[in-house]
Amino acid sequence: MRRLDAYWDSRNPVALALFPVSLIYCVLMRLRRLVYGLLPIRRVPAKAIIVVGNLTVGGTGKTPMVIWLCRLLASHGYRPGVISRGHGGKRDHNAPQRVSADSDPARVGDEPVLIAARAGCPVVVDRKRARGARMLVRELGCDVVVADDGLQHYALARDVEIMMVDGARRFGNGLCLPAGPLRESVERLRDADFVVATGKGLPGEHSMELSATVAMQVRDPSRVKPLKAFAGKAVHAIAGIGHPPRFFAMLEALRLRVDRHPFPDHHPFTAAEIRFTDSLPVLMTEKDAVKCRDLADERHWFVPVSAVPDAALAPAILSTVNAVSRLHSLR
């Protein structure tokens, strides 16, 4: 049986049959946003609150963008911190929890662990984002809050919205869930401060490439190989991310002969799922590797990717954050 998201690229009979439900969903999301406009929205005493999110279900390069953004802010004198919902984790929901590179992804989620390892700044998970954001500012000394995947979480005030788009898939069939991949209607795009397309963007959007040059052993990340060392060789490739084909296509573009093994986003792996009967190398995403540290052997490697936005994005974001910070200082 095909997964529902297999029908989201076109307006096929299945998608059209779900269209009435999709309309109801879109109306409810619009009403939800209007209701939040009438309710008290919680602000924390930060110089800026930046939301990074997407309109669609599935991978758009959001996590690499969050990591790049935090490094950018830190390099210009800010003290950023990340608040995340912690999707896929089974943590204590009654209190915010700080995340480190050694945290258990089964408790706090795989993306927060990856961000903590790569971004070099405090990361907190909390289903109540405003509460977690207060911890970042008041207890951990952050002056800029970056809300990971926070576009639809309106209870926390925001100063800057960065909306991520898959430059190839865009918005699929243009329909809201469950008939299509949209969490909100495409019109919501007009409200974003920055629209960043992974791949080639449209006029008015920024473009971002994902760069990968090395593979690191899952059990011992100090062991590093250039990805080109795998060129021409057969490998197993594992991806439990929002859009696995992007990872596989990246490896194939580097001339690896890939045996594809896609899994759902945030998939909790077992040893049987990543250990194959042959001796071929096994390559996986960095997000998957944080969940497979105790399952891997010497055959398992992960491929870290880094965001490379166009040259105009960094100064534009910094200019906006500086302006927001000055405005808050006058209040």
Side-chain angles (χ1 to χ4, degrees), residues 3-12 14-37 39 41 49-66 82-89 109-112 125-130 146-158 160-199 201-202 205 208 240-246 264-266 287:
R3 286 172 32 158
L4 185 58
D5 57 9
Y7 299 96
W8 288 348
D9 289 334
S10 65
R11 299 197 174 185
N12 50 73
V14 173
L16 294 176
L18 293 169
F19 182 62
V21 185
S22 176
L23 281 177
I24 295 170
Y25 177 90
C26 261
V27 169
L28 289 175
M29 289 302 292
R30 232 172 246 184
L31 287 174
R32 179 175 177 270
R33 192 176 180 205
L34 288 173
V35 167
Y36 268 110
L39 295 174
I41 296 177
I49 301 172
I50 306 173
V51 165
V52 180
N54 46 11
L55 282 183
T56 55
V57 175
T60 55
K62 178 172 48 59
T63 300
M65 167 54 65
V66 168
V82 177
I83 177 62
S84 174
R85 178 71 171 78
H87 291 292
D110 45 22
E111 287 169 354
V125 293
D126 194 349
R127 64 184 179 86
K128 295 183 178 180
R129 290 174 185 262
V146 177
D148 173 41
D149 198 17
L151 192 66
Q152 286 79 32
H153 297 268
Y154 295 110
L156 175 64
R158 75 269 313 268
V160 183
E161 286 187 343
I162 300 174
M163 197 174 294
M164 303 300 298
V165 175
D166 185 310
R169 294 182 297 158
R170 300 297 298 180
F171 307 110
N173 58 19
L175 301 177
C176 284
L177 293 165
L182 290 173
R183 298 172 173 179
E184 298 183 74
S185 65
V186 175
E187 286 73 25
R188 177 71 174 82
L189 209 64
R190 294 195 294 258
D191 299 328
D193 297 281
F194 300 95
V195 178
V196 181
T198 302
L202 298 180
E205 300 177 353
M208 182 183 84
I241 57 176
H243 186 52
R246 181 189 289 122
D265 201 8
H266 309 295
K287 188 171 95 167

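- Two residues are said to be in side-chain contact when any heavy atoms from C-beta on lie closer than 4.5 Å; N12 and L16 fail this criterion.
- Atom CE in M164 sits 4.0 Å away from atom OG1 in T198 (nearest 0.5 Å).
- Across all non-hydrogen atoms, the minimal contact from A179 to A15 is CB-O, 3.3 Å.
- Of all non-hydrogen atoms in G59 and R246, the two that sit nearest each other are O-NH2, 3.5 Å.
- Contacts of D191 classified as side-chain hydrogen bond (donor to acceptor under 3.5 Å, both in side chains), with partners at least two apart in sequence or in another chain: R33.
- Under the 4.5 Å side-chain criterion, counting only non-hydrogen atoms from C-beta, V196 is in contact with I162.
- The structure places CG of D126 at 11.0 Å from CG of L156, a figure rounded to the nearest 0.5 Å.
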Task: From CA spacing to verdict: side-chain contact (heavy atoms from CB on, under 4.5 Å), E205, M163 - done: CA-CA 10 Å; E205 300 177 353; M163 197 174 294; over 6 Å; no
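- We find the CG-CG distance between D5 and L177 to be 10.5 Å, quoted to the nearest 0.5 Å.
- L189 is listed as a side-chain neighbour of V165, based on a closest heavy-atom distance under 4.5 Å.
- Shortest non-hydrogen contact noted between R158 and G150 is NH2-O, 3.0 Å.
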Open item on the list: As a quick check of understanding, evaluate side-chain contact (heavy atoms from CB on, under 4.5 Å) for R32 and E184, giving each step before the final call.
Closed with: CA-CA 11 Å; R32 179 175 177 270; E184 298 183 74; over 6 Å; no
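- The side-chain heavy atoms of L151 and R188, taken from C-beta on, include a pair separated by under 4.5 Å.
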- [ ] Under the side-chain contact (heavy atoms from CB on, under 4.5 Å) rule, what do L23 and V27 come out as? Steps first, then yes or no, please.
- [x] CA-CA 6 Å; L23 281 177; V27 169; 5.5 Å; no
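- Neither side chain, T56 nor N54, offers a donor N or O lying under 3.5 Å from an acceptor on the other.
- Under the 4.5 Å side-chain criterion, counting only non-hydrogen atoms from C-beta, W8 is in contact with V57.
- Inspection of the H243 and D166 side chains reveals no N or O donor paired with an N or O acceptor under 3.5 Å.
- Under the salt bridge (Lys or Arg N to Asp or Glu O under 4.0 Å) criterion, the residue pairs touching residues 172-183 are D149-R183, with sequence neighbours excluded.
- With contacts defined as side-chain heavy-atom distances shorter than 4.5 Å, the pair F194/V160 qualifies.
- Using a cut-off of 4.0 Å between Lys/Arg side-chain N and Asp/Glu carboxylate O, E187 and R190 are scored as not salt-bridged.
- Contact of the R85 side chain with the V125 side chain is not registered, since no non-hydrogen atoms from C-beta on lie closer than 4.5 Å.
- Here the CZ-CG distance, from F171 to L55, works out to 5.5 Å after rounding to the nearest 0.5 Å.
- In this structure, G61 and P64 approach most closely via the heavy-atom pair O-CD, 3.3 Å.
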Open item on the list: Applying side-chain contact (heavy atoms from CB on, under 4.5 Å) to I83 and D148, what does each step give before you reach the verdict?
Closed with: CA-CA 6 Å; I83 177 62; D148 173 41; over 6 Å; no
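- Contact record, A197 with G167: CB-CA, 4.2 Å, taken as the closest heavy-atom pair.
- With values rounded to the nearest 0.5 angstrom, C176 atom SG is found 8.0 Å from M29 atom CE.
- With a 6.0 Å radius and a threshold of 12 heavy atoms from other residues, nucleotides or ligands, F19 has its CZ atom at or below the threshold.
- Separating the CG atom in N173 from the CG atom in L182 is a distance of 7.5 Å, to the nearest 0.5 Å.
- In terms of the side-chain contact (heavy atoms from CB on, under 4.5 Å) criterion, residue partners of H153 (sequence neighbours excluded) are, by chain and number, R129.
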